[in-house]
Amino acid sequence: MSASLKNDRLLRALLRQPVGVTPIWIMRQAGRYLPEYRATRERAGSFMNLCRTPELACEVTLQPLRRFSLDAAILFSDILTIPDAMGLGLYFVEGEGPRFEHPVRNRSDIHALGVPDPENELRYVTDALRLIRHELDGAVPLIGFSGSPWTLASYMVEGRSSKEFTRIRSLLYEDPGTLHDLLDLLAEAVTRYLNAQILAGAQAVMIFDTWGGMLTSGAYLEFSLYYMQKVVEELIRESEGRRVPVTLFTKGGGQWLEAIARTGCDAIGLDWTTDISEARQRVGEKVALQGNLDPAVLYASPEKIVREAHKILAAFGAGPGHVFNLGHGIHPGIDPSHVAALVDAVHQVRKDA
């Protein structure tokens with residue numbers, strides 16, 4: 001794999017280096033809002049077949065780049081591949097999301113788990129990465145990702161998505177030692193998984209902590225952020241002669257920005273509830289910031305989308321260290337022409353540093 005990139009401004013922005021324009025990519029940029037994605041998904045037969053077939057995962061990864069002048073590709077996969085590889089039996093119910101056939105509910109369940117080998121049980125992911133890198137041919141960087149240990153544990157213990165997450169929160173208070181055992185195991189699994197992604201061609205990585213924001217402040221630091229920091233400390237940070245930036249994203253994590261910045265990550269992803277100007281003041285020059293347009297803005301007219309994008313850019317201000325993104329994933333019902341308006345609006349604003 002060649003280390004040369006035709007467009008490396010995402011990597012430079014994540015490392016707080018000067019760029020001519022703010023780079024942009026979009027969480028869930030390869031998704032149901034694109035008719036070509038829906039056609040490929042139908043051809044695959046199921047979401048998991050789409051994830052587990054490297055050629056199809058590569059195809060949907062590249063689809064948004066054919067439509068929009070995005071500054072990065074992100075691996076098409078799911079955050080729950082690790083627990084699936086642990087034997088929990090991941091499947092999806094239409095309209096309800098992910099479920100596990102074999103959730104872990106007690107100490108014996110948890111202690112029976114092993115760390116999957118990324119080049120064995122998760123080989124379809126690394127094969128997809130290698131194929132995507134080949135097909136990108138240096139056009140833009142490729143982002144790899146994983147769910148955070150806490151977020152993976154939340155799904156594994158509940159067996160599905162939940163509004164209350166009562167089972168794992170009960171475990172947290174009733175038997176924190178067992179929960180720490182699970183999180184330790186998952187931190188090792190996430191580290192191995194992300195390092196395998198880097199070796200397979202990922203040029204930046206991101207950890208999605210979808211459910212950290214439901215915790216009390218003390219519990220977040222102990223059960224979520226601590227384990228993300230463990231992962232960050234063990235990641236490969238240089239590959240192909242370049243630094244490999246790592247971004248941490250906790251949905252609802254605005255109150256912990258200073259603590260997240262101390263983990264050693266290169267960038268913090270912001271959801272739309274945190275003011276980016278305030279976030280920049282709080283973290284200073286320690287890390288870059290990614291975000292954070294409200295995804296619902298994309299339902300508005302292109303003119304309003306442009307206006308709201310310019311507000312985010314102005315709020316961040318001059319200087320390096322900003323990657324434009326939504327504050328969470330793009331919604332399935334968005335008009336692709338609205339996404340084009342957003343990408344163009346971000347690229348039309350020149351940076352002075």
Side-chain angles (χ1 to χ4, degrees), residues 1 27-66 73-104 113-136 142-149 151-156 159-161 185-186 188-203 205-208 210 329-330 332:
M1 287 178 295
M27 284 187 265
R28 296 186 191 147
Q29 64 189 27
R32 286 175 288 170
Y33 75 105
L34 291 176
E36 56 267 41
Y37 168 86
R38 294 195 297 272
T40 309
R41 162 71 175 76
E42 189 173 337
R43 184 154 55 98
S46 74
F47 177 77
M48 286 311 296
N49 277 350
L50 191 54
C51 291
R52 290 181 180 138
T53 308
E55 293 77 13
L56 295 180
C58 175
E59 166 62 20
V60 294
T61 297
L62 298 177
Q63 283 171 350
L65 299 177
R66 297 180 187 131
I74 182 166
L75 164 72
F76 183 83
S77 187
D78 191 79
I79 62 169
L80 298 178
T81 49
I82 288 175
D84 183 49
M86 290 176 163
L88 272 64
L90 176 64
Y91 67 104
F92 287 81
V93 176
E94 195 67 37
E96 296 184 23
R99 294 191 182 183
F100 286 114
E101 294 175 9
H102 312 292
V104 293
L113 297 170
V115 175
D117 178 354
E119 286 291 356
N120 186 3
E121 293 94 336
L122 289 162
R123 179 65 180 256
Y124 64 90
V125 175
T126 54
D127 280 349
L129 283 157
R130 285 183 277 263
L131 184 56
I132 296 163
R133 273 297 301 274
H134 178 267
E135 293 299 316
L136 281 172
L142 175 58
I143 303 168
F145 71 93
S146 173
S148 72
T151 290
L152 299 182
S154 298
Y155 284 107
M156 292 167 70
R160 58 187 297 174
S161 186
L185 182 79
L186 287 169
E188 182 181 350
V190 169
T191 301
R192 288 193 194 180
Y193 184 50
L194 288 177
N195 280 339
Q197 290 187 34
I198 292 165
L199 293 174
Q203 291 148 298
V205 293
M206 184 163 169
I207 299 175
F208 286 91
T210 309
I330 189 169

4.5 Å side-chain heavy-atom contact, L56 and N49: no

Expected output: side-chain E121 to main-chain D117 donor-acceptor under 3.5 Å: yes

Heavy-atom closest pair, residues T61 and A57: OG1-O, 2.7 Å

Roughly how far, to the nearest 0.5 Å, is CD1 of I143 from CD1 of I132? 11.5 Å

Atom of G147, atom of V190 and distance for their closest heavy-atom approach: O-CG2, 3.6 Å

Work out which heavy atom in I82 is nearest to a heavy atom in P116; give both atom names and the distance. O-CG, 4.2 Å

Please give me the minimum heavy-atom distance between L34 and Q29, naming the atom from each residue. CD1-O, 3.7 Å

Between Y124 and L122, is any pair of side-chain heavy atoms under 4.5 Å apart? yes

Restricting to non-hydrogen atoms, name the atom on A200 and the atom on T126 that form the minimum distance, rounded to 0.1 Å. CB-O, 3.8 Å

Are P83 and Y155 close enough that some pair of their side-chain heavy atoms sits under 4.5 Å apart? no

With a 4.0 Å cut-off, would you call R66 and E59 a salt bridge? yes

I need the T81 OG1 to M48 CE distance, nearest 0.5 Å. 7.5 Å

Yes or no on side-chain contact (heavy atoms from CB on, under 4.5 Å) for E55 and L131, after CA distance, side-chain angles and deciding distance? CA-CA 7 Å; E55 293 77 13; L131 184 56; 4.1 Å; yes

Check R192 with E188, please: is the shortest side-chain N to carboxylate O separation under 4.0 Å? yes

CD1-CE distance between I74 and M27, expressed to the nearest 0.5 angstrom: 8.5 Å

Answer yes or no: is there a side-chain heavy-atom contact under 4.5 Å between L113 and M156? yes

Is there a donor-acceptor pair closer than 3.5 Å between any side-chain N or O of Q63 and the backbone N or O of Y37? yes

Does some side-chain heavy atom of P64 sit less than 4.5 Å from a side-chain heavy atom of F76? no

Heavy-atom pair of closest approach, residues C58 and E135: SG-CG, 3.7 Å

In Å and rounded to the nearest 0.5 Å, what is the CZ to CD1 distance from F208 to I79? 8.5 Å

Are the side chains of L194 and I207 in contact, using a 4.5 Å heavy-atom criterion? yes

Side-chain heavy atoms of D78 within contact of F92, under 4.5 Å: yes

d(R133 CZ, L75 CG) to nearest 0.5 Å is 13.0 Å

Check whether any side-chain heavy atom of R41 sits under 4.5 Å from a side-chain heavy atom of R32, and report yes or no. no

dist Y193:OH -> F145:CZ (nearest 0.5 Å) comes out at 6.5 Å

